[in-house]
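The structure displayed is predicted, hence computed values, not measured ones. Hydrogens, waters and symmetry mates play no part in the numbers below; they use all other heavy atoms, side chains included.
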Amino acid sequence: MGNNRLGSNTMSTSNFGKGCHLHLIDGSAFIFRAYHALPPLTRKSDGLPIGAVAGFCNMLFKQVEDNKGPDAPTHVAVIFDHSGKSFRNDLYDLYKANRPPAPEDLVPQFPLTREATRAFNIACKEIEGFEADDIIATLACQAREAGGRVTIISSDKDLMQLVGNGVEMLDAMKNKRIDSDGVREKFGVGPERVVDVQALAGDSVDNVPGAPGIGIKTAALLINEFGSLEDLLDRAEEIKQPKRRQTLVENRAQIEMSKTLVQLDCEMELGFGLDELEIRDPDPEVLLGFLSSMEFRTLTKRFADQLGLEAPTIPETTPQAAAALETPEAPRFDTAEYTTVRDAEGLQSWIDLIREHGYVAVDTETTGLDEMVADLVGISLCVLPGQACYIPLTHKAGSSDDLFGSDALAEGQMDLETALAMLKPVLEDSAILKIGQNMKYDAKIFVRNGIEVAPIDDTMLLSYALNGGLHGHGMDTLSERYLDHQPIPIKSLLGTGKSAITFDRVPIDDATPYAAEDADITLRLWSQFKPQLHQKQVTTVYETLERPLVPVLAQMERHGIKVDRDTLSRMSNAFSQKMAGLEAEIHELAGESFNVGSPKQLGEILFDKMSLPGGKKGKTGAYATGADILEDLATEHVLPARVLDWRQLSKLKSTYTDALQDHINPETGRVHTSYLQTGANTGRMASSDPNLQNIPVRSEEGRRIREAFVADEGNVLLSLDYSQIELRILAHVADIDALKQAFADGHDIHAMTASEIFDVPLAEMTSDIRRKAKAINFGVIYGISGFGLARNLRIPRGEAQGFIDRYFERFPGIRQYMDDTVAFAKEHGYVQTLFGRKIHTPEIAAKGPRASFAKRAAINAPIQGTAADVIRRAMVRMPEAIAHLPARMLLQVHDELLFEVPESHVEETIETARRIMEGAADPAVHMTVPLVVEAGRGANWAEAH
DNA sequence: CCTGTCACG
DNA sequence: GACGTACGTGACAGGG
C-alpha cells in the first residue's frame, strides 16, 4: 500500500500538450447518481439488476453527444475507485468508515459499468489502493503541466482543490461549470486553500474528523485571516475567540492528519500516459453488442440510428439467457446427447463455443480424492443445458477385470499436453467465467498441470450463500433438490471397498455419460442459483466471503505445514508403552482380560461385574461410559481413573501421533489439510484429511503433539489469534455498555463478569469465582440453560439457574438480544451475521426439544458466524497484504491464523497480519468494541501458540 | 453404516 | 408438567 507514491512522473515523449482538452469522468459518482436517479430496473430475461448500468450508459452517451462542438475534448477517461481500502486507511483506519456498504442490487452492476465504459471505447482506469480522486488529481496535474485544458466531470467537493490554471469542474447534473470563482463561492477561499478549509471543517460523510465545532464558514474566515493552515496552527494563540483558540491548539494533530486525508495525491505512478486517453470512436459492433446484451432497447436503437445501422433485435428473452436459465423447457437429462472429444478439431469447436458464450462449466476426473496426489484423467465441459462433453486424457487400456491392468493408454484420447495447451488460454482468460462444483478441487488439479483457473464461480458456494442451514451442498443433494435428477452414482463406475478401481480404469464409453453429466448439472445449478444471489440479498456474502476465499484456501492447502515424523513416532512409542502398562493394571483390577477400548465391554465390567453406581443405559441398551461418568466414579475407584488415562493416550496415539504420520506427503514432506468452506452452517470452515483444527492443546500431554508441527529451516511459526472475539461481538451486537467499556479498557472480561454477578470486588477475585463467570460467558454465547451450565460446572441445577438469573439481571440487554434473535428466526426462518450471511433455522418452528435446540443454535449462529466472517475477511485480504514479505499463511483454526516466515521478517509480518486481522470488519461494519489480536512465535506450534 | 467417545474453537 | 438440553466441527474404534 502506498508504494511508489513518491515516484516521479517523468513524462516521456507525449503528444498531449497545448490545445488538448482532457475530460476526466468520476465513474463512481456517475454510478451512484444513476442508481439513485432510476427505478430499480432489471434485465427482463434473467432479473439481473441493471438500472444503474442503464443510467450510466445514458450519461456516457450524453457526454459523447454533447462534446462535438469547438470545446470538444481531445482526450477522455472514466476513473473508478478500486474496491477495498486505500492508502488513506493506513493513515486513519476510520477513513470512510461511516460509509454504508453499497446496496445489494448495485453490487453486481459495478463490473458492468466498467464493461460499458470499454464498450463505448473510452479509457477506463482504476488502480488498487488508490481512490479515483487521486488518479484524477494526478492526470489533471500532468495535463496542466503539459499546457492542456482539463474538465473534471464530478460534483465532488474534494476535487475542487484541483481547479485553476486551465482545470475546471463540470457538474453534469446541473450542467454548471465551476472555475476558481465557483470554488471561492463554495469554500470562501481559492482552490489552493481548499484543503486547508477541509482539514479544519472535516467531513462527516468521509469521516474526516477536522476540528470539532468548526465548519466551512469559520474555517474560511480563519484561513483568510492567517493566510494558510500552517500559519494558523503556528499562531493559534493569536486567535481572539477563546473557544476557537482552544479547539485549534488541542486538536492540532487531528487537524494535520485531516489535511493529509483530504490532500489529493498528484504524484502517483500511474502506469499509463495521457496519450492512452485520446478519444476513439466506439466499435459499433462492440457497443451495440453490449447494449443489446443488457437489453437496453431504447439506447440500442438510438445509437444504431445515429450510426445509420440496423439495431440488433432484442427478443423478449434472448436465446442465450433463456438457455442459461433453468426453464421448464430446459431439456431433460439425456446421456446420449453427451459427446466424447477425442481430437484437437473436436476440442477446438468446444473452445469456440465457450468463447461465444463467455462462460463454461468445468469438471475434472482424477485418480483420487487427494488433490495433492491425484492425477488428471479427463475434463468435462458444458455451455448449454444438455450439451456437454467429456475429454478423456489418461484413461488406461485394458478392461477393468484385467487383474494387473495395463499402464498403456487407451485408444482414442487426445494427448494430455496438447489438450491442456489448448484449454489453458480459455481457463486463464479473465473474460471467461469458469463454473464448477467445489472449484477449489479442480483448480488445485489444474495448478499442478500449470494452469491457473480464473475467474471462477462455484455452485457449492452459491448454494451455501443462498441456502446455508437448509441442506447440504454436495452435487447429489443439489441435483436432486433443484433439478429433480439423480446423478449417476460414482460407485456404479468405481465399485466399492477393496475392489474399487480408479477413474483411469473406467472405460471411456462409461466415463463420458458420468463426467459430462456432472458438468451439465453444474451449469444448470449455476443458471438457477446465480440470479438468486441478488434476489435473496446475499451477493455481498458470496462475492466477499465465499468466492475470493477459494484461491486463498487453495494456496494454504498446497503449501501445507511441515510435520516432523520422528517426533510423532517417538511419541507413539511412548504412548504404546504407557498404554500397555495401564491395560495390564486395568485387567488386574477387573479380575479379567477385556477390550478396554470397547465401551460395551467396559460398561459390563463396571456396572454388572463390579456393581458400581450410576449405570445408565442409552438408546442402544449399552451402558454409558463417557468421560463425565468415569470421572464421577474415579473419585471412589481406581479402575475408571486408569481407563480415563488409557483413553486419553489411545486418542492421542490413534488420532494424532499415528494418523498424522500417514498424512505426510512424500513429495513435500508436509501435511496438507483440506478446508471445506461449507463445512459448518455458521460460516465457519471445517478441516479434514487430516483435521488440523482439533490438534490437542488443553492437556499438557496432548499439547506436546504441537511440537511436531515445525517451521522450515531458518523460519519460525507465527500464531495470531483473536482475543475473545465472540464475546466482543456479543458485546457489540447486544450493545452492552458495561461489556463494551470493559473491552475498550482492556479489562479481564471474565473477572469483570464475575465481579458484576457475584458482587465481588475485582481486588478480591478468586480463580474459582472467575472460572464460574467464564463458564457463564461461554454459556451465554451458546444459548445458556440451567442444565447445561450445571453440568459444565458440576454444580446443582438450581444453583446454576441462580447464576443465570443474576447474569440477566445485570445484563438485561443480553436477554433482549436473545429474545430478539429468536423472534427474528421465527419470523424469517433465518438469522443473520453482521455481514449479511444468512443462516437458515428451519427447525425453529418445530415443537418440543427440537425447538429448544433450534433456539440455542439461532442465538449462537449470528455470533459464531460473525466471528467466522471476520476472519474470512482477514484471510481474503491477507495474501495481498503480505505479498511483499516472504511470509506464508498456513492454517486457520477458527479464530487463529498460523504463518511461516523467515526469522528476519517476523516483526514486520506480525505487524502487517495483525493490522489486517484487527481491521477485518472495516469498512463494512464499524465495531464498537476493538478487535484485539495476540501474537506468538516459535520453532514449533506449541511454542508459537 | 451407526454410535460413542473425545480432540478443537 | 414433561421433554431433553449448552454452540460448531472430524476422526477413530467397536459392533452390528
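Taking atom P in both C:dG4 and B:dG4, the straight-line distance is 15 Å, to the nearest Å. For the P atoms, the distance linking B:dC6 with C:dA6 amounts to 15 Å, nearest Å. Comparing C:dC3 with B:dC8, their P atoms sit 34 Å apart, to the nearest whole Å.
Pair assignment for B:dC1 gives C:dG15, based on Watson-Crick or G-U wobble hydrogen-bonding distances that are each under 3.5 Å. When both distances must be under 3.5 Å, the Watson-Crick or G-U wobble mate of C:dC3 does not exist.
Protein atom CD1 of A:I814 is 16 Å distant from nucleotide atom C1' of C:dA6, rounded to whole Å. At whole-Å resolution of the value, CG in A:L720 and C1' in B:dG9 are 17 Å apart. Atom CD1 of A:I839 is separated from atom P of C:dC7 by 15 Å (rounded to the nearest Å). Summarising the geometry, the separation between CD1 on A:I629 and C1' on B:dG4 is reported as 11 Å, rounded to the nearest angstrom. Rounding to whole angstrom units, CD of residue A:Q892 and P of B:dC8 are separated by 17 Å. To the nearest angstrom, C1' of C:dG4 lies 14 Å from CD of A:E843. For the pair A:F778 CZ and C:dG8 C1', the interatomic distance rounds to 13 Å; values are reported in whole Å. Rounded to an integer number of Å, the gap from A:E701 CD to B:dA7 P is 11 Å.
Counting any heavy atom pair closer than 4.0 Å across all strands shown, A:N792 reaches a base atom. Residue A:A854 is classed as having no contact, given no heavy-atom separation below 4.0 Å to the nucleic acid. No engagement by A:R850 is indicated, since no non-hydrogen atom pair under 4.0 Å with the nucleic acid exists. Residue contacts for A:Q648: at a heavy-atom cut-off of 4.0 Å it reaches the sugar-phosphate backbone alone, with no base atom in range. In this structure, A:A868 reaches neither bases nor backbone, as no heavy-atom distance under 4.0 Å exists between it and the strands shown. Within 4.0 Å of A:L789, counting heavy atoms only, lies at least one base atom of the nucleic acid. Within 4.0 Å of A:F853, counting heavy atoms only, lie sugar-phosphate atoms of the nucleic acid but no base atom. Backbone-only engagement by A:A627 is indicated by non-hydrogen atom pairs under 4.0 Å involving sugar-phosphate atoms exclusively.
Checking the phosphate oxygens (OP1, OP2) of B:dA7, no side-chain nitrogen or oxygen of A:R647 falls inside 4.0 Å. Contact annotation: A:R791 reaches the phosphate of C:dA6 (side-chain N/O to OP1 or OP2, under 4.0 Å). At C:dC3, none of the side-chain N or O atoms of A:S852 fall inside 4.0 Å of OP1 or OP2 (strictly under the cut-off).
Comparing C:dT5, C:dG8, B:dG9 against the side chain of A:N860 picks out C:dG8 as the nearest. When each of B:dC6, C:dG8, C:dG4 is scored by its nearest atom to the side-chain atoms of A:R797, the top-ranked nucleotide is C:dG4.
With hydrogens and angles ignored, no donor-acceptor pair closer than 3.5 Å exists between the side chain of A:R856 and the base of C:dG8.
Among the candidates A:I910, A:L720, A:L891, A:L890, the single residue satisfying the side-chain contact (heavy atoms from CB on, under 4.5 Å) test with A:F899 is A:L720. Evaluated for a side-chain contact (heavy atoms from CB on, under 4.5 Å) with A:T657, the options A:L649, A:I705, A:L652 yield exactly one hit, A:I705. For the side-chain hydrogen bond (donor to acceptor under 3.5 Å, both in side chains) with A:D869, the qualifying choice from A:Q864, A:R837, A:R684 is A:R837, the only one to do so.
Geometrically, A:K653 does not engage A:F575 in a cation-pi contact, judged by NZ or CZ lying under 6.0 Å from the ring centre and within 45° of the ring axis.
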Base versus backbone protein contacts along nucleotides 9-16 of chain C [heavy-atom cut-off under 4.0 Å; B, S, -]: SBBSSSS-
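Under a cut-off of 6.0 angstrom, the local environment of CD in A:E480 is crowded, with over 12 non-hydrogen atoms contributed by other residues, nucleotides or ligands.
When only modelled atom types and interatomic distance are considered, A:D608 and A:Y623 share a side-chain donor-acceptor pair under 3.5 Å. There is no side-chain donor-acceptor pair under 3.5 Å between A:E707 and A:T567. Between the side chains of A:Q801 and A:D805, at least one donor N or O sits under 3.5 Å from an acceptor N or O.
Residues A:F811 and A:Y807 bring their aromatic ring centres within 6.0 Å.
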